[in-house]
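Notes to accompany the following structure.
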Amino acid sequence: MELVAENQRLRQRIQELEQAEEERDRLREALRRSEEHVRLFITYTPATFAMFDRDMRYVMASQRYGADFGLDARELIGRNHYEVFPDVPEHWKAVHQRCLAGASEGNDEEPFPRADGSVEWGSWKIFPWYTPNGEIGGIMLFAEVITERKRLEDTLRSQAKTLLELSAPIVPLSQDVLVLPLVGALDASRAQQMMENLLAKVVERQARVAIVDVTGVPHIDTTSASALLQVARAVRLLGARVVLTGIRPEVAQAIVGLDIDMAGIVTRRDLQSGIAFATTVNLGGAA
């Protein structure tokens, strides 16, 4: 009887071991499928992503990462990042080391000079990844090459500056007299551009009078009036005078209603009157 009981216990133990092995195999298969899903996700994600171990060797990289940098992502695995990119700046290497120590860092817009003299622009985020026992296994990099976007933004800024200059052209009436005809709304950005251009032209031509004609400005509020005052004061510091022409009756009423002090600015009814005033100044006359 004891032998029969022992055999039953052995059979039960064998059955338990077989069930444990089946469970282990099931878990291994689930883990394999999970790892495969992660690999496929990382490979085909539209993000520029790379994963490194503690020695900065590639563990994984997305196809987008390879495409952005002109590389085959499959051939990166196991290679050292600094061998792939020998021109990595020292301050980026310092970032890598800080993140390997537990920091998380990023930058929305940073230039990356290349060995051939070209400059790439990118945004990036780096943070550590951890092993199951809680130790830092390496770092992960999410990046985006924004060189083309940066060039487009620079082009748009340059075009905007050109449009501002064209919207406030400075016309030399003579060697000593400049005319600035304004058309359209006068906001803070345009006023700043106007002042910079006018001051530069006053210095360039050693002008004595700058006529600012606001016939084409539909509305003058506190901001635009203050901007005109700043222009006048800045021009006076250069030894020249500002003549404001073309203030329509409704604009004049608005200025009075706003209680804006226009002291220091010579005003004339229209551009012709302003030119006549400028002529008397050049002839040594008085206003």
Side-chain angles (χ1 to χ4, degrees), residues 109 111 113 119 121 147 149-248 251-252 254-255 258-287:
E109 186 176 284
V119 177
W121 286 83
T147 303
R149 190 184 80 191
K150 177 70 174 174
R151 289 172 180 164
L152 178 59
E153 289 174 351
D154 290 344
T155 299
L156 291 175
R157 276 194 292 268
S158 177
Q159 291 175 345
K161 181 179 179 181
T162 300
L163 288 174
L164 281 172
E165 292 173 350
L166 292 175
S167 67
I170 299 173
V171 181
L173 196 61
S174 67
Q175 181 62 37
D176 297 329
V177 180
L178 302 174
V179 177
L180 175 60
L182 297 178
V183 178
L186 183 61
D187 57 19
S189 176
R190 188 182 181 198
Q192 179 65 28
Q193 185 69 41
M194 177 189 75
M195 182 164 65
E196 292 176 0
N197 293 343
L198 183 58
L199 293 179
K201 190 64 71 172
V202 167
V203 172
E204 176 189 334
R205 299 185 66 88
Q206 293 297 298
R208 297 180 62 189
V209 180
I211 302 174
V212 179
D213 184 66
V214 296
T215 303
V217 178
H219 175 67
I220 292 183
D221 56 14
T222 304
T223 299
S224 53
S226 298
L228 291 173
L229 282 173
Q230 291 178 357
V231 170
R233 291 167 184 154
V235 170
R236 282 161 56 193
L237 288 175
L238 297 178
R241 302 183 69 174
V242 169
V243 181
L244 188 61
T245 66
I247 297 180
R248 299 188 305 280
V251 174
I255 291 176
L258 292 171
D259 195 24
I260 296 173
D261 182 10
M262 299 292 286
I265 297 182
V266 176
T267 59
R268 289 296 183 268
R269 181 179 63 257
D270 51 32
L271 181 58
Q272 184 177 359
S273 300
I275 293 174
F277 171 82
T279 301
T280 63
V281 171
N282 284 337
L283 293 175

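Every heavy atom of this structure was used, including side-chain atoms; hydrogens, water molecules and symmetry mates were not. Remember, predicted model here, so these are calculated numbers, not experimental data.
In terms of heavy atoms, Ala240 sits closest to Ala207 at CB-O, 3.4 Å. Val243 and Gly274 make their closest contact through CG1-CA, 4.1 Å (heavy atoms, listed as atom of the first residue, atom of the second, distance). Contact between Val212 and Val242 at its shortest, heavy atoms only, is CG2-CG1, 4.1 Å. Closest approach of Arg151 to Val119, counting heavy atoms only: NH2-O, 4.4 Å.
Taking the side chain as every heavy atom from C-beta outward, Val209 and Ile211 approach each other to under 4.5 Å. Side-chain atoms of Thr267 and Thr245, non-hydrogen and from C-beta on, never get closer than 4.5 Å to each other. The shortest distance between side-chain heavy atoms of Ile170 and Leu198 falls below 4.5 Å. Leu271 places none of its side-chain heavy atoms less than 4.5 Å from the side chain of Thr215.
How far CZ of Arg268 is from CG of Asp213: 14.0 Å, rounded to the nearest 0.5 Å. To the nearest 0.5 Å, atom CZ of residue Arg205 and atom OG of residue Ser174 are 7.5 Å apart.
Considering only residues two or more places apart in sequence or on other chains, Glu204 meets the salt bridge (charged side-chain N to carboxylate O under 4.0 Å, His left out) condition with Lys201.
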Output, in order, the C-alpha distance, side-chain angles, deciding distance and verdict of side chain to side chain contact (heavy atoms under 4.5 Å, CB included) for Val214 and Leu244. CA-CA 7 Å; Val214 296; Leu244 188 61; 3.6 Å; yes
